[in-house]
Every structure is written in structure tokens, then in C-alpha cells.
S.K.: 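This is the structure I have questions about; it appears just below.
A note on names: the letters A, B, ... follow the listed sequences, proteins ahead of strands, and every chain is numbered from 1.
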There are 2 protein chains.
Amino acid sequence: MRNVDRATLGGNLRIDQVLESATRLFTQKGYEAASVRDLAAELEIRPSSLYHHFPGKQHILFAICMRMQTDFNAEVIPELLASRPPDEAIASAVRRHVLFGQRRKGEVVVNIRERRSLPAEQLAQVNGLRREYRDTMARVIEAGCRQGSFAVGDPKLAAMAIVDMINGLPHWFKPRDEQDLERVADLYARAALALLRGWETDPVS
Amino acid sequence: MRNVDRATLGGNLRIDQVLESATRLFTQKGYEAASVRDLAAELEIRPSSLYHHFPGKQHILFAICMRMQTDFNAEVIPELLASRPPDEAIASAVRRHVLFGQRRKGEVVVNIRERRSLPAEQLAQVNGLRREYRDTMARVIEAGCRQGSFAVGDPKLAAMAIVDMINGLPHWFKPRDEQDLERVADLYARAALALLRGWETDPVS
DNA sequence: GTCTATACGCAGATAGAC
DNA sequence: GTCTATCTGCGTATAGAC
């Protein structure tokens, strides 16, 4: 129970094992359909032993979502904040976003599909981190418009469209190899730029 | 029980009420977390009465997903197949897709988030309809490439990117009014075209 | 940190009357 | 088409020994 904080930040071995198994289980069956008994069986311990590490099932989901989203923000937001042209910032961030989504696919999918099962307060914490990312991206898009490289009337909508597009990827994309992954990461970065540059252009031009 | 077929196609009043309540419930709590008792309570009948209309909880989810996806394909795929320039076909389809996603928001969200809880065979049926839509869009994109209006190396990937972008919308977008909705539908159509036209262009050009 | 044993409620589903 | 009554199993979680 007192290990929950460390779990959120990562570091404790046993707890990492629990989160890993839980991620696999929640991905396959969904959070609600996966039982504490299932999870204990995967870890080859008794259900009651799990309650030594976590006060309840919900906290496991919370730990997965928070750890994933914290790591994500720490990795991707700096790409947006680095001082360089907005189109380069967006391209780098999209690339990193795609790669993160594959490297941490299980957690990302769990976060997207299952976080709504969290109680309101914990859900708000996770959503706060997600909003931070989107808002940062929206500000970069705005900067790109002022600077003239983008032509977007609604930067928040544009950011949401791009994020939704990228977040769809881990649900179905299975890269053949490392090169295939790099190819798609680049392609999505280009897609985002194409979208931001041509968005408000008359479609019949 | 013998009404299941009619339920899938729509038409029976009582069954429509069940599907409507179930859609609301599944959207709010998720399919697994929503109980047959919850659903009965919403309809102000006893749980056992539900089994007169459906053989089990899963069939309700199946009916929601199939009805939604059938209606969707019947409404959107013709836009892609109509004989006209590929960019017009894509723009019309995207517009319709966005509008459908708002008009039938509940069912769309349930289909996206909860269909994985279906048994393999029923899931395959729903996914078959979804693939039909994506493949049709991919073929139109290919035609657009041959014709020179699009520049896309991987039409299937492009179709998935566009579909993921649009399917994200019902999860968060709440239009202020009818004009706001039309605005976003047009914007997404433009986004799709911008993406297909500029995708393979060198991003630093 | 893991165990055995168990509490307690709710899950989906069925039988059979009206 | 809806009801009452009920079955059986599994759900999360706890107590307390080792």
C-alpha cells in the first residue's frame, strides 16, 4: 500500500511486474472484464497477495495510466517547446508520439480505452496531463500560423485531429520491422504538416 | 427471441427502446460495467423480461454495433462509389462520416469502444463491414493517385489515418449548434484532402 | 511478501405463472 | 410481454497466520 507512490514513478521491481501483467490483461479483455483472480493467476500468486501492493483494482489502472502519460509528456512535450521553427517542432513531436505509441503500445491502449473506468478525481488527473500536451501542440500551431507556415483557423481542433489520428495507430498498426515503423513515423509527421499547411486552402483550388 | 432479426434491421418499437437505453448505458459505464439489472431499471421492467427480446446481453451489443455499421455503410460508401472525381468523392464521404458520427454518436462510440467484448464470430462480422468501408476509401485514394490529384504511397495507411481522425471526433466534440457542426464537417473534409495532396511532398519544400 | 480461508454482494441467466 | 422467485458462480476485498 505504501508502495503506490513508487509504483506511479516506476522503480519497484515487483510492482512493475504487476503493472506489466495488468497491462497485458487489460489490453486483452478490457479493465472491467479482467478480474483480480485473472491477474493473480498470471503472476502465479494468490489474489489476496495483490492487495499488499495495491489498495484495490482501480489503483492498478490509475498507476498504468499515470505512469504512461507522465513518461509520454516528459518525452514528447520538450520536442514542442524546443526553440526552432514550428513545422520542425510538430514533425519531431509527431514522430516521437508515433514511436512512443508502439514502444509502449499496451499502456497507451489501456490509457485510451480504459481510463474512463477511473473515479472522477483520478480521471481528471490523467486528463489534465493529456490536455497539457494538446494545449502545447495547439500553441505551436498558433505560432506557425503567425509565422506563415501554417494556415489553420482553429488550432485546438487541428491539434485534436492530429492527436486522434496518431492515437488510432497503436490499435491496429503492427510494424513488420524497425524500418517499417520509421517509415510510418515519418509519414505521419508529413501528414500532420500537409494537414496544417493545406487545411484552410480552398479544396477545389 | 425470434425478434432478434428484426432488431438488427430496426423496426420493432420495444426492441428499439431496449437498444436506445442500452446504448446510453454502455456509453456511460461501458459494456462490461453495465449490468442487465441496470438496463432493466432504465426500461422500468424486470431483468427477466429482457430475455424475451434478446437471448443474452451480448446480443444487445451485437445488435447495436451491426445496426450502426450497416446504416453507416449504406449512407457513406455510396458517396465513395458515385462516379465523380476522387477528391470530390473523398470530401463528400468525410463530410457524411463526420455528420453520421454526431447524429448517431452513442452507437458509434459503443461500436468503437465496446465491440471487442463480442465473441469472435460476431466481432468478425462487424469488422468485415468496417473493412469494407476502409477498402472502398483506399481504392478511391488509389484512383486519385493514378489521376494525379493525390500523392500517396500507401493508400490503405492513408485511409486508416483519415478514418482514425474522424472516429476520434464523437469522443469529445460537442457542436455548439448546427452551423458549428457543418463547419467542422467541412474542415475535416478539407483536412483529408490536404493530407492526401501533400502527404508525399517533401516536408521541407 | 505470500499464504489460507472466507465474507458478501452482484453478475447473467432460467423456470414457469399470469 | 411481463412478472416472481431463484439458481449458480464469480466479483472485489478482508482477516490474520506464517
S.K.: Could you tell me how far apart B:Gln17 (CD) and D:dT2 (C1') are, to the nearest whole angstrom?
M.R.: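 Answer to the nearest Å: 14 Å.
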
S.K.: How would you list all residue pairs meeting salt bridge (Lys or Arg N to Asp or Glu O under 4.0 Å) that involve residues 37-49 of chain B, not counting sequence neighbours?
M.R.: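 Applying salt bridge (Lys or Arg N to Asp or Glu O under 4.0 Å) to every pair that reaches into residues 37-49 of chain B, excluding sequence neighbours, yields B:Arg24-B:Glu42, B:Lys29-B:Asp38.
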
S.K.: Answer yes or no on whether A:Lys57 is positioned over the face of A:Phe62, meaning its NZ or CZ is under 6.0 Å from the six-membered ring centre and within 45° of the axis.
M.R.: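 Here A:Lys57 fails the 6.0 Å and 45° test against A:Phe62.
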
S.K.: I'd like a table of atom pairs between the protein and nucleotides 3-5 of chain C - only N or O on both sides, under 3.5 Å - with the distance next to each one.
M.R.:
unit_1: C:dC3; atom_1: OP2; unit_2: A:Arg46; atom_2: N; d: 2.5
unit_1: C:dC3; atom_1: OP2; unit_2: A:Ser49; atom_2: OG; d: 3.0
unit_1: C:dC3; atom_1: N4; unit_2: A:Ser48; atom_2: OG; d: 3.3
unit_1: C:dT4; atom_1: O4; unit_2: A:Ser48; atom_2: OG; d: 2.7

S.K.: Give, for atom CD1 of A:Ile15 and atom CD1 of A:Ile60, the distance between the pair rounded to the nearest 0.5 Å.
M.R.: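 A:Ile15 CD1 to A:Ile60 CD1: 9.5 Å, rounded to 0.5 Å.
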
S.K.: Using a strict 4.0 Å threshold on nitrogen-to-oxygen distance, state whether B:Glu107 and B:Arg113 make a salt bridge.
M.R.: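 The answer is no: the pair does not qualify as a salt bridge.
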
S.K.: Under 3.5 Å, is there a donor on one side chain and an acceptor on the other for A:His97 and A:Tyr133?
M.R.: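 Yes, a side-chain donor-acceptor pair sits under 3.5 Å.
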
S.K.: Please check if any side-chain donor atom of B:Asp164 sits under 3.5 Å from a side-chain acceptor atom of A:Trp172, or the reverse.
M.R.: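 Their side chains do contain a donor-acceptor pair, which is all the 3.5 Å distance test asks for.
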
S.K.: Establish, yes or no, whether the cationic atom of B:Lys105 lies under 6.0 Å from the six-membered ring centre of B:Phe100 and within 45° of the ring axis.
M.R.: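 Relative to the ring axis of B:Phe100, which defines the angle, B:Lys105 lies outside at least one limit.
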
S.K.: Is there any protein nitrogen or oxygen under 3.5 Å from a nitrogen or oxygen in nucleotides 9-11 of chain C, and what are the pairs?
M.R.:
unit_1: C:dA11; atom_1: OP1; unit_2: B:Ser35; atom_2: OG; d: 3.4
unit_1: C:dA11; atom_1: N7; unit_2: B:Arg37; atom_2: NH1; d: 3.2

S.K.: What integer distance in Å separates B:Tyr51:OH from D:dG1:C1'?
M.R.: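 To the nearest whole Å, that distance equals 16 Å.
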
S.K.: Is the closest side-chain donor-acceptor distance between A:Asn127 and A:Arg115 under 3.5 Å?
M.R.: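 Yes - a donor-acceptor pair under 3.5 Å links their side chains.
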
S.K.: Does a side-chain N or O of B:His52 approach OP1 or OP2 of D:dT2 to a distance below 4.0 Å, or not?
M.R.: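 So the side-chain polar atoms of B:His52 never come under 4.0 Å of the phosphate oxygens OP1 or OP2 of D:dT2.
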
